[in-house]
Amino acid sequence: MTSYRGDEDGGDASRTRILDAIRALPAGSVAGYGHIARRAGLPGRARLVAWVLRHNADPALPWHRVLRSDGRIAFAPDTAGFREQVRRLRAEGVVVTRGRVRMPAAETPLDLALWGPPDAAS
DNA sequence: ATTTTGACGACCC
DNA sequence: TGGGTCGCCAAAA
């Protein structure tokens, strides 16, 4: 409680919710930044998700399951991060072609079963 | 206080 | 599929 207006989460809670949403990603699945933001109750804050990931220090976080909305890896192709992400994804059975992944139409039946409807924030 | 930057996204052609 | 524009939010310069 960094002391301020009670209604304000101070972005701290937002950060937590984002990390939470990412941790909820099933192995072998992928999601876009915007998708995560939405799941975290922060529609339109895709860039905030990116910011959180950039500042993330938790090695257990499945950050590699987060891609751009077009299924493309966010890192530049010639970076270590890029290669690392491809490596991790493939290790989970995800098909990565030319630094890009086949994105689920939107909500695969499986996702709905695991995540429930978009509104029912867990 | 203004500008630039970034692990973004929806649109348009 | 690919490239460019504009909108968006928070941080850093």
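The analysis underlying the following values was restricted to heavy atoms, covering all of them including side chains, and did not include hydrogens, waters or symmetry mates. Within every chain, numbering begins at 1; the chains are lettered A, B, ... in the order of the sequence lines, protein sequences first and strands thereafter.
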Worksheet item: Which part of the nucleic acid, if any, lies within reach of A:Arg68 when heavy atoms closer than 4.0 Å are counted: base, sugar-phosphate only, or nothing?
Response: sugar-phosphate
Worksheet item: If each of A:Arg98 and A:Trp51 is mapped to the nucleotide of DNA chain C with the nearest heavy atom, which maps nearer the 5' terminus, i.e. the 5' end?
Response: A:Arg98
Worksheet item: Hey, are the side chains of A:Leu25 and A:Ile36 touching, using non-hydrogen atoms and a 4.5 Å cut-off?
Response: yes
Item to complete: Answer whether the closest heavy-atom distance between the side chains of A:Leu67 and A:Gln85 falls below 4.5 Å.
Response: yes
Worksheet item: CZ of A:Arg72 versus C1' of C:dG2: gap in Å, rounded?
Response: 9 Å
Discussion item. Quick check against the 3.5 Å criterion: does A:Thr97 have a side-chain atom that pairs as donor or acceptor with the backbone of A:Arg100?
Written reply: no
Discussion item. Between A:Asp20 and A:Arg39 (salt bridge meaning N to carboxylate O under 4.0 Å), is one present in this structure?
Written reply: no
Fill in: Interface limits on DNA chain B, where chain A has a heavy atom under 4.0 Å of a nucleotide atom
B:dG6 to B:dA10
Response to the item:
note: A:Asp70, atom CG; C:dG3, atom C1'; distance rounded to Å ~ 12 Å
Discussion item. Closest approach to the side chain of A:Leu48, judged atom by atom: which nucleotide of C:dG2, C:dG7, C:dA10 is it?
Written reply: C:dA10
Discussion item. Say we look at B:dG6 and C:dG7: how far apart would their C1' atoms be, to the nearest angstrom?
Written reply: 15 Å
Item to complete: Using a strict 4.0 Å threshold on nitrogen-to-oxygen distance, state whether A:Arg88 and A:Glu92 make a salt bridge.
Response: no
Item to complete: Tell me which of A:His55 and A:Arg45 sits closer to the 5' end of DNA chain C, going by the nucleotide each one is nearest to.
Response: A:Arg45
Worksheet item: Counting distance only, does the side-chain N/O of A:Arg17 pair as donor-acceptor with the main-chain N or O of A:Arg15 below 3.5 Å?
Response: no
Worksheet item: OP1, OP2 of C:dA11 versus side-chain N and O of A:Arg15: anything below 4.0 Å?
Response: no
